[in-house]
Amino acid sequence: MSRKAFASQADLEDKPVSFTRLSEHAYAYTAEGDPNTGIIIGDNAVMVIDTQATPVMAQDVIRRIREVTDKPIKYVVLSHYHAVRVLGASAYQAEHIIASQDTYDLIVERGEADKASEIGRFPRLFRAVESVPPGLTWPTITFTGKMTIWLGKLEVQLLQLGRGHTKGDTVAWLPQEKILFSGDLVEFDATPYAGDAYFRDWPRTLDNIAALQPEKLVPGRGAALVTPAQVQAGLAGTRAFISDVYACVQEGVAAGKDLKTVYRETYERLKPKYGHWVIFDHCMPFDVTRCYDEATQYPDPRVWTAERDRQMWETLEG
């Protein structure tokens, strides 16, 4: 078996971008499995959900927003704390950056380490990384559980529906239009990254999303889901992957197997079903490591540092 390049360092080809209109008020900026950005256009202001990885990359989102509205970009919402989602925030010059209190706490605890870790994993996604201002992206407003923002007559609910991809996950919900922006709680034809996840909680959180009965959904990665059937497929695919990883790892742990053995067996079992999904080879070592941790002795995710990333990769893929 040939040695794999670390994480996504061999992934250097730019992906074509789609800017999909979901309603008069909602758009999805997607790029074939790269991190998505959501746009909500209200009567008097624009809200952006997840920012792209650098201010230079965010400029393309802004250019497309300006093709459809000249309203000010007043709010940036962080669905969670990962660097690839938040480090482009400064480009929007928004009045407010909003995140859950749990996300804020994670930035305090592990923001610097995560920033160094992610930049090392994804050179293409951090194009023009020198445009990122020094330091971290700090929310100016935090909430717990639920926050409602009115963009004129348009209601936007920011909801914490449970832990999954991280403990701070936030979705943006337009109840009048039944459109949901899920962040990385839901992926479509893209492998869920679960290195900071709560495997036991994630399926229940997906049930809470399903209970809202969204008719359209913008996932964290993958194409916008524009019918109820597509939304159900996105939820089902994400749930199946998380459940399959968890079941395989649990089985290995119960049999007393070490992490490397469990990783190899889980990888081989899941590859036929999910191996064609974007970033499968990138995510699996991180996902299985976190799942093994959760199944053994670490209820909460351990901090990923650039050094820990490399050590883990060498152990499992070396």
Side-chain angles (χ1 to χ4, degrees), residues 22 26 28-30 33-38 40 47-51 77-86 98-104 106 114 143-147 156-175 178-226 228 230-246 274 277-279 283 286-287 290-291 294 300-301:
L22 303 175
Y29 179 98
T30 65
D34 279 356
N36 293 339
T37 293
I40 299 172
M47 174 184 284
V48 169
I49 299 123
D50 291 333
T51 73
V77 174
L78 311 180
S79 68
H80 59 287
Y81 74 96
H82 286 149
V84 77
R85 297 287 174 187
V86 310
I98 306 172
S100 68
Q101 183 63 42
D102 288 320
T103 289
Y104 186 94
L106 286 166
D114 182 81
F143 73 97
T144 300
K146 178 179 178 179
M147 178 178 182
V156 183
Q157 294 178 5
L158 304 179
L159 305 170
Q160 283 185 279
L161 297 174
R163 302 186 301 189
H165 177 69
T166 73
K167 79 169 182 181
D169 295 328
T170 295
V171 305
W173 171 236
L174 301 180
K178 293 209 161 279
I179 297 172
L180 186 112
F181 299 83
S182 71
D184 283 325
L185 279 168
V186 182
E187 312 290 21
F188 187 67
D189 283 348
T191 311
Y193 171 74
D196 301 299
Y198 290 84
F199 277 84
R200 289 185 185 92
D201 293 5
W202 199 332
R204 192 163 55 244
T205 302
L206 294 172
D207 292 343
N208 293 336
I209 290 176
L212 293 170
Q213 299 183 306
E215 293 173 7
K216 298 177 182 179
L217 186 149
V218 180
R221 289 175 180 265
L225 308 175
V226 297
Q230 287 181 358
V231 172
Q232 287 175 2
L235 289 167
T238 305
R239 183 187 285 107
F241 176 84
I242 294 301
S243 301
D244 286 351
V245 173
Y246 189 64
Y274 305 107
W277 282 3
V278 173
I279 63 170
C283 288
F286 296 97
D287 291 5
R290 168 58 197 146
C291 194
E294 186 174 342
D300 293 299

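Numbers for residues simply follow the sequence, beginning at 1. Quick caveat: nothing in here was measured; it's all calculated off a predicted structure.
The backbone N or O of Leu161 lies less than 3.5 Å from a partner atom in the side chain of Asn208, making a donor-acceptor pair. Looking only at distances, no side-chain donor or acceptor of Ser100 sits under 3.5 Å from a matching main-chain atom of Thr144. Proximity of a side-chain donor or acceptor of Arg290 to a complementary backbone N or O of Ala194 within less than 3.5 Å is not detected. Here the side chain of Thr191 pairs a donor or acceptor atom with the backbone of Val278 at under 3.5 angstrom.
Taking all atoms of both residues into account, the shortest heavy-atom contact from Ala26 to Ile179 is CB-CD1, 3.9 Å. Scanning all heavy atoms of the two residues, the minimum distance from Tyr198 to Arg163 falls at CE2-NH1, 3.3 Å. Closest of all the heavy-atom pairs between Ala172 and Leu158 is CB-CD2, 3.8 Å. Shortest non-hydrogen contact noted between Asp50 and Gly183 is OD2-CA, 4.2 Å. Minimum heavy-atom separation, Trp277 to Ala190: CE3-O, 3.5 Å. Between Ile209 and Leu180, the shortest heavy-atom contact is CG2-CD2, 3.8 Å.
Shown here are the side-chain hydrogen bond (donor to acceptor under 3.5 Å, both in side chains) partners of Gln157, two or more places apart in sequence or in another chain: Glu155. For Asp169, the side-chain hydrogen bond (donor to acceptor under 3.5 Å, both in side chains) test picks out Thr166, with sequence neighbours left out.
The one candidate from Thr37, Asn36, Ile49, Val48 that meets the side-chain contact (heavy atoms from CB on, under 4.5 Å) condition with Tyr29 is Thr37.
Residues Phe199 and Val245 have side chains in contact (heavy-atom distance under 4.5 Å, counting atoms from C-beta outward). Proximity of Tyr246 to Trp202: side-chain heavy atoms (C-beta onward) are nowhere separated by under 4.5 Å.
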From CA spacing to verdict: side chain to side chain contact (heavy atoms under 4.5 Å, CB included), Phe181, Val77: CA-CA 11 Å; Phe181 299 83; Val77 174; over 6 Å; no
Evaluation steps, side chain to side chain contact (heavy atoms under 4.5 Å, CB included), between Leu159 and Thr170: CA-CA 5 Å; Leu159 305 170; Thr170 295; over 6 Å; no
Test log, rule side chain to side chain contact (heavy atoms under 4.5 Å, CB included), inputs Thr238 and Leu185: CA-CA 8 Å; Thr238 305; Leu185 279 168; over 6 Å; no
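Salt bridge Arg204/Asp207: absent, no basic N to carboxylate O contact under 4.0 Å.
There is a side-chain donor-acceptor pair under 3.5 Å between His82 and Asp196.
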Donor-acceptor list for residues 210-224 side chains, cut-off 3.5 Å, not counting sequence neighbours:
from   : atom 1 : to    : atom 2 : distance (Å)
Lys216 : NZ     : Leu22 : O      : 2.6
Arg221 : NH1    : Gly33 : O      : 2.6

